[in-house]
Amino acid sequence: MKIRIEQKTLAEAAKRAHRRLPNNPLQPVLSGLLMEADGDTLTLSGFDYETATRATLAADILEPGHMLVSGRLLSDVTAAMPAGPIDVVVDGQETTLSAPGTTFTLPTMDRGDYPALPETPKAAGTVDGDLLAAAVVHAAQASMPDKEAAGKLEGFRGVHVAADGNHLAVSASDRYRIVRHRIPWTPDGDAAGELLVPAAHLAATAKQLTGGPVRMSFTSDSIGVAALANDTLTVTSRTVATPFPNVEGFFPDPAQAVGWVRADATALLEAIRRAALVNDKEEQAIWLAVEHGQVTVTGGVEGSKGASRVDAETVDLNGFTAGFRPGFLGSLLTPIDGAVQAWFTTPTKPALIVPVDDEGAATDTYRAVCMPVRLK
């Protein structure tokens, strides 16, 4: 194999691909990146049995071929080379990367031991990459950690994406929080489907695909993988085998609430963070008290107290108090720009959190649920 490619193009692709490789793979060959040259493109691939990445790069292919090389070495070496064209030549068990004044020789790995990459399912539609990344990265924070999501809870460790007409519903839950974003997308015909991918993997993939349209491929009964792709990068991920829990019934009905609070989301978030500063532990509750058009957020323990007041519009909640973990409640407010409205039933039942527009009408782009904690 003999190719010529721009240093910046190869260095950026190698860095992205190397980040997705395991740090301590069970098989040493999985620490490698596969380079395949054919026609006028170079394909750079990585695989760890969970996620496969394929970057398609423009290059001058002088001799077609393929080689497998350490992902760490390729990333470090290409990043250190001078800007401009790089010549990559494979000769037996060695790969030489050269530029004016700089030459590196890397050992190749055995291509025969490298597993076959999974086939990419057919795309079901297209979504804006920036909107997808914002929704997925935020939802991933509300998923259950892998160590806790064992057995029957396996479905909670992923981010769930489902087609709903001309929108995608992006959801996650750790049983204490539920997050659901709705973002527009363009389905291919009547294409419908869903995917459930481990939260960390899907968030990392979505962040790599910002800046343009993203094609999405859903999982099916016959194939347990899903894929996201743009014009230069395709990422195929193994899906979570356990279905995502049906959380629809856990969104409180506003009609059943005893009252609601409407306030500026940023002001309320800042008040929560200030109150939590005097807490002993991260999971220690802060409490919200509603009284006469204000919400007072209080935190702390004996000897250390902190309180912040936020102006709010309230209905039927004077004297209402409820406790929440500050990290959980705060995380549900971060995507809201403007006013937020929260419906409450009792201090021990979940609260519904929804952004509202300037007229006070709830929007359908985002909603969340937060479970309170029992105050002593």
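Values below: all heavy atoms of this structure, side chains included; hydrogens, waters and symmetry mates excluded.
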Closest heavy-atom contact between [X] and [Y]?
X      : Y      : value
Gln284 : Pro326 : O-CD, 3.0 Å
Ala322 : Pro347 : CB-CA, 4.2 Å
Thr53  : Leu117 : O-CD2, 4.5 Å
Leu352 : Pro254 : CD2-CG, 3.7 Å
Arg54  : Thr43  : CB-CG2, 4.5 Å
Pro100 : Pro82  : O-CG, 4.2 Å

Please list all pairs meeting side chain to side chain donor-acceptor pair (under 3.5 Å) that have one or both residues in residues 88-109, counting only residues at least two apart or in different chains.
none
Answer yes or no: is there a side-chain heavy-atom contact under 4.5 Å between [X] and [Y]?
X      : Y      : value
Thr186 : Val127 : no
Phe47  : Pro118 : yes
Ser217 : Lys122 : no
Met371 : Arg177 : no
Glu148 : Leu153 : no
Val261 : Leu317 : yes
Arg4   : Ile86  : no
Thr51  : Asp48  : yes

Can you tell me how far apart [atom1] ([X]) and [atom2] ([Y]) are? Round to the nearest 0.5 Å.
X      : Y      : atom1 : atom2 : result
Asp128 : Leu209 : CG    : CG    : 11.5 Å
Thr266 : Ile336 : OG1   : CD1   : 9.5 Å
Glu50  : Thr239 : CD    : OG1   : 9.5 Å
Asp76  : Leu106 : CG    : CG    : 10.0 Å
Leu333 : Ile353 : CG    : CD1   : 5.5 Å
Arg238 : Leu196 : CZ    : CG    : 14.0 Å

Step by step, work out the side chain to side chain contact (heavy atoms under 4.5 Å, CB included) result for Arg20 and Val235.
CA-CA 10 Å; Arg20 305 303 298 271; Val235 182; 4.2 Å; yes
Are the side chain of [X] and the backbone N or O of [Y] linked by a donor-acceptor pair below 3.5 Å?
X      : Y      : answer
Asp164 : His167 : no
Tyr366 : Ala135 : no
Arg309 : Thr296 : no
Asp130 : Gly211 : yes
His18  : Ser70  : no
Asn279 : Gly300 : yes
Arg262 : Ala339 : no
Ser75  : Arg72  : no

ring-ring contact (aromatic ring centres under 6.0 Å, His included): pairs with one or both residues in residues 228-257, sequence neighbours excluded
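Qualifying pairs, neighbours excluded: His160-Phe244.
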Heavy atoms of other groups near [X] [atom1], more than 12 under 6.0 Å:
X      : atom1 : value
Arg273 : CZ    : no
Asp113 : CG    : yes
Asp357 : CG    : yes
Tyr176 : OH    : no
Gln294 : CD    : yes
Arg182 : CZ    : yes
Asp253 : CG    : yes

[X]-[Y] co-clustered via ILVMFWY side chain contacts under 4.5 Å:
X      : Y      : value
Val69  : Ile61  : yes
Leu68  : Leu21  : no
Ile286 : Val340 : yes
Met35  : Val90  : yes
Leu33  : Met81  : yes

Regarding Asp231 and Arg215, does a basic nitrogen lie under 4.0 Å from an acidic carboxylate oxygen?
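Arg215 and Asp231: salt-bridged.
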Stepwise, does the side chain to side chain contact (heavy atoms under 4.5 Å, CB included) test hold for Thr78 with Leu97?
CA-CA 8 Å; Thr78 54; Leu97 295 90; 3.9 Å; yes
Determine, stepwise, if the pair Phe328 / Asp174 fulfils side chain to side chain contact (heavy atoms under 4.5 Å, CB included).
CA-CA 10 Å; Phe328 285 180; Asp174 58 4; 3.9 Å; yes
Listed by chain and number, what are the side chain to side chain donor-acceptor pair (under 3.5 Å) partners of [X], not counting sequence neighbours?
X      : answer
Ser173 : none
Gln141 : none
Arg367 : Glu248

Taking the six-membered ring for Trp, are Phe218 and Trp185 closer than 6.0 Å centroid to centroid?
yes
Start with the C-alpha distance between Leu329 and Leu288, add both sets of side-chain angles, then the distance that settles side chain to side chain contact (heavy atoms under 4.5 Å, CB included), and finish with yes or no.
CA-CA 11 Å; Leu329 183 58; Leu288 276 62; 4.0 Å; yes
Cation over ring, Arg111 on Tyr114, under 6.0 Å and within 45°?
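Ring-cation test returns no.
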Tell me which pairs pass salt bridge (Lys or Arg N to Asp or Glu O under 4.0 Å) where either residue lies in residues 192-211, with sequence neighbours left out.
none
